Amino acid sequence: MTKVAENNSQTIAKNLATVREQLHDLAAESSYVNEVQLVAVSKRHPIEAVQAAAAAGQRDFGENYVQEGVAKINALAELSLTWHFIGPLQSNKTRDVAEHFDWVQSVEREKIARRLNDQRPADKPPLNVLLQVNIDDDDNKSGLAPAQVMALAKLVDACERLQLRGLMTILKAGTEPTQQRESFARMRSLFEQLQQTFGSSVDTLSMGMSGDMRQAVLEGANMVRIGTAIFGQRE
């Protein structure tokens, strides 16, 4: 390993430790969660960065782009990592996602759900699905309106090769912390409704990134997606 690579690995390990400590403290402060699962968002970062994070104990990684994600999954297969697809998903890319990823956090259309179900290999466990909600009604963001969530949840729940796990959101850019708390609280309310309908298998509320992690966890996020705070700025 070169000196530069060694320094990068040490930086990533240090950043991971810092984020984990922050999440531990936030969970203790939150009224809603006891533990927060960390998804390291590795999009646009090299395979070596993922290897460094894995060496520091990180198991869950998030990718936004299908081709890039599949290449990393194949290259790092021996590490037995858990891979989350977190970006917008076009119908012509569903097969690659269904065949390679463990989670899809960005399901927002019936057509996508049906294709993922039909294309999930029978020798793999059901694909874990989160429904993406556009909680701020942001024209620049993908996702369901809150009123549309229950109908798609019922469809996913009925799919044999999919496992409905919960909800995901990305907030509108530039919102203030108070607004963020309000949006995340509305997401928590939606999540609780989903739990009441579908039971304990609905267990994941994925919200919060490097810039709004605190507000998310305090309002009940039990999964966060962190990239910059771990890996630094993307290439």
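Reckoned from all heavy atoms, side chains included, excluding hydrogens, waters and symmetry mates. Keep in mind the model is a prediction, meaning the values are calculated, not measured. Count residues from 1 along the sequence.
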- Item | Within residues 144-162 or reaching into it, pairs that qualify as side-chain hydrogen bond (donor to acceptor under 3.5 Å, both in side chains) - sequence neighbours excluded | none

- Message: Could you check whether any side-chain heavy atom of Ile135 comes within less than 4.5 Å of a side-chain heavy atom of Ile170, counting everything from C-beta outward?
- Response: no

- Task: Report, as yes or no, whether the 6.0 Å neighbourhood of atom CG on Asn34 holds more than 12 heavy atoms from other residues, nucleotides or ligands.
- Result: no

- Message: Does this structure show an ion pair linking Glu68 with Lys43, if we count only N-O contacts that are shorter than 4.0 Å?
- Response: no

- Message: Measuring only between side-chain heavy atoms, which start at C-beta, is Val129 closer than 4.5 Å to Arg165?
- Response: no

- Item | Ser183 side-chain N/O to Gln179 backbone N/O, donor-acceptor pair under 3.5 Å | yes

- Query: Is a donor on one side and an acceptor on the other found under 3.5 Å between the side chain of Arg20 and the backbone of Asn15?
  - Reply: no

- Let me see the working for Arg225 and Ser206 under side chain to side chain donor-acceptor pair (under 3.5 Å), right down to the final yes or no. CA-CA 7 Å; Arg225 309 174 308 276; Ser206 174; 2.9 Å; yes

- Task: Output, in order, the C-alpha distance, side-chain angles, deciding distance and verdict of side chain to side chain donor-acceptor pair (under 3.5 Å) for His84 and Asp102.
- Result: CA-CA 6 Å; His84 300 245; Asp102 304 292; over 6 Å; no

- Message: Between Glu108 (side chain only) and Gly143 (backbone N and O only), is there a donor and an acceptor less than 3.5 Å apart?
- Response: yes

- Compare all side-chain heavy atoms of Leu23 with those of Met213 and state whether any distance is below 4.5 angstrom. yes

- Query: Would a line drawn from the ring center of Trp83 to the ring center of Phe61 be shorter than 6.0 Å?
  - Reply: yes

- Message: So does Lys93 get a backbone contact from the side chain of Asp96, meaning a donor-acceptor N/O pair under 3.5 Å?
- Response: no

- Query: Quick check: are there more than 12 heavy atoms from other residues, nucleotides or ligands sitting under 6.0 Å from CG of Asp139?
  - Reply: no

- Task: Kindly determine whether Thr228 and Gln233 satisfy side chain to side chain donor-acceptor pair (under 3.5 Å), including the steps that lead there.
- Result: CA-CA 6 Å; Thr228 304; Gln233 293 298 324; 4.7 Å; no

- Using atom types as modelled and distance alone, determine if a side-chain donor or acceptor of Thr197 lies under 3.5 Å from a backbone N or O of Gln193. yes

- Query: Do Glu219 and Arg188 meet the salt-bridge criterion of a basic N to acidic O distance under 4.0 Å?
  - Reply: yes

- Task: Ignoring hydrogens and angles, state whether a donor on the side chain of Gln37 or Asp60 is under 3.5 Å from an acceptor on the partner side chain.
- Result: yes

- Message: Under a 3.5 Å distance rule, please check whether Asp136 uses its side chain to pair with a backbone N or O of Asp138 as donor and acceptor.
- Response: no

- Stepwise side chain to side chain contact (heavy atoms under 4.5 Å, CB included) test for Leu205 and Phe184: CA-CA 10 Å; Leu205 181 56; Phe184 288 140; over 6 Å; no

- Message: Is there a side chain to side chain contact (heavy atoms under 4.5 Å, CB included) between Asn222 and Glu35? Walk through the geometry before answering.
- Response: CA-CA 6 Å; Asn222 59 11; Glu35 188 176 352; over 6 Å; no

- Message: As an exercise, state the distance from CZ of Arg120 to CG of Leu127, rounded to the nearest 0.5 Å.
- Response: 4.5 Å

- Item | Side-chain H-bond candidate by donor/acceptor type, Gln132 with Ser106, under 3.5 Å | no

- Item | Leu152 to Ala113 - nearest heavy-atom pair and separation | CD1-CB, 4.5 Å

- Message: Main chain of Val202, side chain of Gln195: is a donor-acceptor contact present, judged purely on distance under 3.5 Å?
- Response: yes

- Between the side chain of Arg115 and the main-chain N/O of Ser91, is any donor-acceptor distance below 3.5 Å? yes

- Item | Heavy-atom check, side chain of Met207 versus side chain of Met168, under 4.5 Å | no

- Message: Atom NZ of residue position Lys172 - does it have more than 12 heavy atoms of other residues, nucleotides or ligands inside 6.0 Å?
- Response: no

- Item | Side-chain touch Val107/Leu130, heavy atoms, less than 4.5 angstrom | no

- Message: Tell me whether Arg114 is salt-bridged to Glu110, with the criterion being a basic N under 4.0 Å from an acidic carboxylate O.
- Response: yes

- Item | Side chain Thr169, main chain Leu171, donor-acceptor under 3.5 Å | no

- Output yes when a side-chain donor or acceptor of Arg214 lies under 3.5 Å from a complementary backbone atom of Leu26, and no otherwise. no

- Does some side-chain heavy atom of Phe85 sit less than 4.5 Å from a side-chain heavy atom of Gln105? no

